[in-house]
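Worksheet: one structure, shown below.
Order of listing sets the numbers, starting from 1, for every ligand and every atom in it. Only heavy atoms go into these numbers, but all of them, side chains included; no hydrogens, no water, no symmetry mates.
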Amino acid sequence: MSLISGLDRFTLCFSSNLLSQEEETKSWKKLIKIAVSGAAGMISNHLLFKLASGEVFGPDQPVALKLLGSERSIQALEGVAMELEDSLFPLLREVNIGIDPYEVFQDVEWALLIGAKPRGPGMERADLLDINGQIFAEQGKALNAVASRNVKVMVVGNPCNTNALICMKNAPDIPAKNFHALTRLDENRAKCQLALKAGVFYDKVSNVTIWGNHSTTQVPDFLNATINGLPVTEIIKDRKWLEEEFTEKVQKRGGVLIQKWGRSSAASTSVSIVDAIRSLITPTPKGDWFSSGVYTTGNPYGIAEDIIFSMACRSKGDGDYELVKDVMIDDFLWNRIKKSEAELLAEKRCVAHLTGEGIAVCDLPGDTMLPGEM
Ligand SMILES: NC(=O)C1=CN([C@@H]2O[C@H](COP(=O)(O)OP(=O)(O)OC[C@H]3O[C@@H](n4cnc5c(N)ncnc54)[C@H](OP(=O)(O)O)[C@@H]3O)[C@@H](O)[C@H]2O)C=CC1
Ligand SMILES: O=C([O-])CC(=O)C(=O)O
């Protein structure tokens, strides 16, 4: 018996505890198909087991995992699939592996796009944008061709905001609103720092927005954040700490971790992907919000249109979201937001050849980096 299918090496013959159709309609929800790229990578190694366990979509939600790899990773991918199979997750109905996004993305309702080339020594940021951009352009086209018409796409692979924009532009038949770049890890990092400084537990911190790019220009918003329902600025009165130390700590957290660990955050990133998905499929607690990198066109804040920018979102739990209107933006916040916006506009000009918007011109600001690059 095997759950695994894909690449013609495995045949799907799992059936031993498959519920009959009648039982299924009584007690279990309809199977959902979830694609994960970079499935043999470090983040996926944590995430896939959470998806299969029911931790993400719930204890009555059967899942099919469709794992996208490459020639490079196919052996590893088979190993990952075997481990999933050996874990005997009752909700995991099917594991499919493949290297062709047009096969792997067939009918998927969620696409978690994690695979991306890491920036190597001496590689220009423009080169990274181009190499990874090509991956995301191809995957956008594949999603457009074969995925569910309402697929939700979560881009994790860096530079995730611009990769998400490229993916979205190559998938014109899928609503632009369905594309997200993961900035939830940054939000979680910000909450952790505020809780530690205030001497409270993490769950007392809410309304934390990350504005902008998942890079060192990101803006962790302490102005609108609350602790125990009170403005953070009333609890932590050290404004200098908030503007300088806190902000920089969150912006550079990824890089500091790489220096210590020798690799980038994988476990906490997978936790934040779970948080990001759950924020879309469960109603946002009253008065609170969450951060996600989403499409700016029509935003109420005056941020440039047609980029993917992290902003404050609320969801009714139906997979969709709306932008939060009642946020304060002072000069400090606005100046920082403009810097991150300028970086994303520069990244966008750099990938114009991949978004169908003409000839690329790369004039990236030199002083900004991915969180892991400091
Ligand atoms: N948004 C966020 O908050 C965060 C984003 N990240 C980003 O997530 C991505 C994945 O991280 P992680 O899982 O730790 O990385 P890994 O290096 O463990 O895995 C990355 C996967 O990317 C795939 N890949 C695609 N193209 C290439 C290529 N040209 N060269 C090498 N590998 C490639 C590989 O899979 P295959 O061969 O199967 O394609 C590989 O397994 C990275 O881009 C990282 O920067 C990390 C932390 C936080
Ligand atoms: O740059 C990286 O790969 C790591 C990263 O995004 C982060 O830790 O936030």
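The nearest heavy-atom contact from the protein to atom 8 (O) of ligand 1 is Ile43 CD1, 3.5 Å. Protein heavy atom in closest approach to atom 37 (O) of ligand 1: Ser70 OG, 2.5 Å. Of the protein's non-hydrogen atoms, the one nearest atom 5 (C) of ligand 1 is Val156 O, 3.1 Å. Of all protein heavy atoms, the one lying nearest to atom 19 (O) of ligand 1 is Gly41 CA, 3.4 Å. The protein atom (non-hydrogen) at minimum distance from atom 17 (O) of ligand 1 is Pro118 CG, 4.5 Å. At the shortest separation from atom 4 (C) of ligand 1 among protein heavy atoms lies His214 NE2, 3.7 Å. Here the protein heavy atom with the shortest distance to atom 29 (N) of ligand 1 is Lys117 CB, 3.4 Å. Distance from atom 18 (O) of ligand 1 to its nearest protein heavy atom, with residue and atom name: Met42 N, 2.8 Å.
Between the CD1 atom in Ile307 and the OG1 atom in Thr162 there is a gap of 8.5 Å [rounded to 0.5 Å].
At a 4.0 Å heavy-atom cut-off, ligand 1 touches Leu185 through the side chain alone. Neither the backbone nor the side chain of Ser272 has a heavy atom within less than 4.0 Å of ligand 1. Contacts between Asn158 and ligand 2, counted as non-hydrogen atom pairs separated by less than 4.0 Å, involve the side chain only. Here Arg72 has side-chain heavy atoms under 4.0 Å from ligand 1, and that is the only part of it that gets that close. Using a 4.0 Å cut-off between heavy atoms, Ile135 contacts ligand 1 through its side chain alone, with no backbone atom that close.
For the pair Ser73 and ligand 1, the shortest N or O to N or O distance falls below 3.5 Å. Below 3.5 Å of separation, one finds an N or O of Ala116 facing an N or O of ligand 1. Taking distance alone, with nitrogen or oxygen atoms compared against 3.5 Å, Gly69 stays at or beyond that limit from ligand 1. Between Ser44 and ligand 1, a contact under 3.5 Å exists for no N or O pair.
A salt bridge links Arg239 to Asp330: one of the charged nitrogens lies within less than 4.0 Å of a carboxylate oxygen. Look at Glu245 and Lys197 and you find no salt bridge, because none of the NZ, NE, NH1 or NH2 atoms lies under 4.0 Å from a carboxylate O.
A donor-acceptor pair under 3.5 Å is absent between the side-chain atoms of Lys50 and the main chain of Val271, judged by distance alone. Without hydrogens or angle criteria, Ser73 side chain to Ser70 main chain gives a donor-acceptor distance under 3.5 Å. Within the 3.5 Å criterion, the main-chain N or O of Gly157 finds a donor-acceptor partner in the side chain of Asn163.
One option in Gln218, Arg189, Lys252, Arg253 has a heavy atom closer to atom 9 (O) of ligand 2 than any other, and that option is Arg189. Between the choices Leu77, Leu68, Asn158, Leu128, the shortest heavy-atom distance to atom 7 (C) of ligand 1 belongs to Asn158.
Atoms of ligand 1 found under 4.0 Å from any heavy atom of Ser265 (numbered from 1 in listed order, with element): 47 (C). Using a 4.0 Å cut-off to heavy atoms of Ser265, the atoms of ligand 2 that qualify are 8 (O). Each of the following atoms of ligand 1 lies closer than 4.0 Å to a heavy atom of Thr269: 47 (C), 48 (C). Each of the following atoms of ligand 2 lies closer than 4.0 Å to a heavy atom of His214: 5 (C), 6 (O), 7 (C), 9 (O). In summary, the atoms of ligand 2 found under 4.0 Å from a heavy atom of Ser264, numbered by their order in the structure, are 3 (O), 4 (C).
Contact annotation: Cys160 has at least one heavy atom less than 4.0 Å from an atom of ligand 1.
The shortest heavy-atom contact between Leu344 and Gly212 is CD1-C, 4.1 Å.
A single hydrophobic cluster is seen to contain both Val151 and Val155, as judged by linkage of ILVMFWY side chains at heavy-atom distances under 4.5 Å, directly or through other members.
No close placement of the Trp334 and Tyr301 rings is indicated, their centers lying 6.0 Å or farther apart. Ring pair Phe332/Phe222: centre-to-centre distance below 6.0 Å.
Within a 4.0 Å radius of atom 2 (C) of ligand 1, the protein contributes one or more non-hydrogen atoms.
Of the residues listed (Trp110, Tyr321, Tyr295, Phe309), the one engaging His180 in a ring-ring contact (aromatic ring centres under 6.0 Å, His included) is Tyr321, and it is the only one.
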